[in-house]
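Encoded as structure tokens, the structure appears first; notes follow it.
First listed ligand is number 1; within each ligand, the first listed atom is number 1. Note that the structure is predicted; figures quoted are calculated from it, not measured.
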Amino acid sequence: MGGTIASSNSTGENGVKPSLSGEELVKNVKGLQEIADVETISFRLKPSADLTFSDLTSAATRISEILDSDADGVVVTQGTDTIEETSFFFDLVINSSKPVVVTGAMRNPTSISSDGDLNLLEAVLVATSSQSKEAGILVVMNGEIHLAPFVQKTNTQNVSTFKSPSLGPVGWISEGKVRFMLKPAYRRIHLPLSNGKEPTIPIVKSVLGDDGIIFKALREEDIQGLIIEATGGGHVSSSVADFVQEYGKSIPIILCSRTGSGEVLTQTYSFKGSEIDLINKGVIPGGILSSVKARILLYLLIKNEYNLQRIAESIQQWL
Ligand code: GLU
């Protein structure tokens, strides 16, 4: 689907951009043909921030069809910037025991020590391993295996950018062998892909001394849901708390933390703008979900026309 792993510079201008087909990506990966019969599909050729929900819906439909055939698994290559979102989308909508692995590269194919070929080879190894079955969508980067609901990009350039801060990787690849050390113990949700109306769901980050200017601007917008990326355990300024009160009973608002790991609190603090105050105002605690992952889940719940109560139940059930 594009990204750095498929980027090159054929025009002589500064910088690289997505330009390589699936066929070109796999053609020179040493040892790939010995581990699998790889069939390529050039699906999208985009920088990953340009991928849309419509792209992901088409991709998930296509992947599900392939998994229903005699393929052993699927590897998706794409830009690393949004892997944490796309992999979670696939995790929620693809219901198959066969492996689906998402990978990319931090160093493009024209740079020294590009990581694309190795990531692709190891992603295919993981996709062909029987150990990868029933694990949900996996992200394989830099020799590690991560679970889609937890994985995050944590560094702008380092090849070890992918971490699962609340958990860690669940396995790795060593000398061409796939090693799983952990398997998911949480209950996964599967949601159907629906043709419902396209919801708009902004993410608003809370900051020190926040006067709620973004919330004021949002009053003019037609939004169907909202994610608050709150400070610490799930806190906003008292000005923001007033705005939350306006929205809380009419649209779903999910409370996440800007800290990057850990569950948001639900029953510790009672000051204005605290998690208890916000929950009383109608906010749904987002548990372990990062803001961008909460947006993906909320998108699918709204698309499936869940009401406020069912949305809250589904998010709690996910934990
Ligand atoms: N650094 C990004 C990548 O790894 C480039 C932009 C994108 O995500 O497509 O692919």
Would you mind writing out the side-chain donor-acceptor pairs for residues 237-244 within the sub-3.5 Å range, not counting sequence neighbours?
unit_1 : atom_1 : unit_2 : atom_2 : d
Ser237 : OG     : Asp210 : O      : 2.7
Ser237 : OG     : Val240 : N      : 3.3
Asp242 : OD1    : Lys272 : NZ     : 2.8
Asp242 : OD2    : Lys272 : NZ     : 3.4

Does ligand 1 have any N/O pairs with the protein under 3.5 Å, and how far apart?
unit_1   : atom_1 : unit_2 : atom_2 : d
ligand 1 : 1 (N)  : Thr4   : OG1    : 3.4
ligand 1 : 1 (N)  : Asp81  : OD1    : 3.3
ligand 1 : 4 (O)  : Thr4   : OG1    : 3.1
ligand 1 : 4 (O)  : Thr80  : N      : 3.1
ligand 1 : 4 (O)  : Thr80  : OG1    : 2.4
ligand 1 : 4 (O)  : Ala105 : O      : 2.9
ligand 1 : 8 (O)  : Ser48  : OG     : 2.6
ligand 1 : 8 (O)  : Thr80  : N      : 3.4
ligand 1 : 8 (O)  : Asp81  : N      : 3.1
ligand 1 : 8 (O)  : Asp81  : OD2    : 3.4
ligand 1 : 9 (O)  : Ser48  : N      : 2.7
ligand 1 : 10 (O) : Thr4   : N      : 2.6
ligand 1 : 10 (O) : Thr4   : OG1    : 2.8
ligand 1 : 10 (O) : Thr80  : N      : 3.1

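- Looking at residues two or more places apart in sequence or on another chain, you find a side-chain hydrogen bond (donor to acceptor under 3.5 Å, both in side chains) between Gln224 and Asp222.
- Ring to ring, Phe150 and Phe88 are not that close: their centroids are 6.0 angstrom or more apart.
- Judged as a side-chain hydrogen bond (donor to acceptor under 3.5 Å, both in side chains), and not counting sequence neighbours, Asn9 has no contacts.
- Among all heavy-atom pairs drawn from His190 and Asp91, the shortest one is CD2-O, 3.9 Å.
- One N or O on the side chain of Thr161 and one on the backbone of Thr154 form a donor-acceptor pair closer than 3.5 Å.
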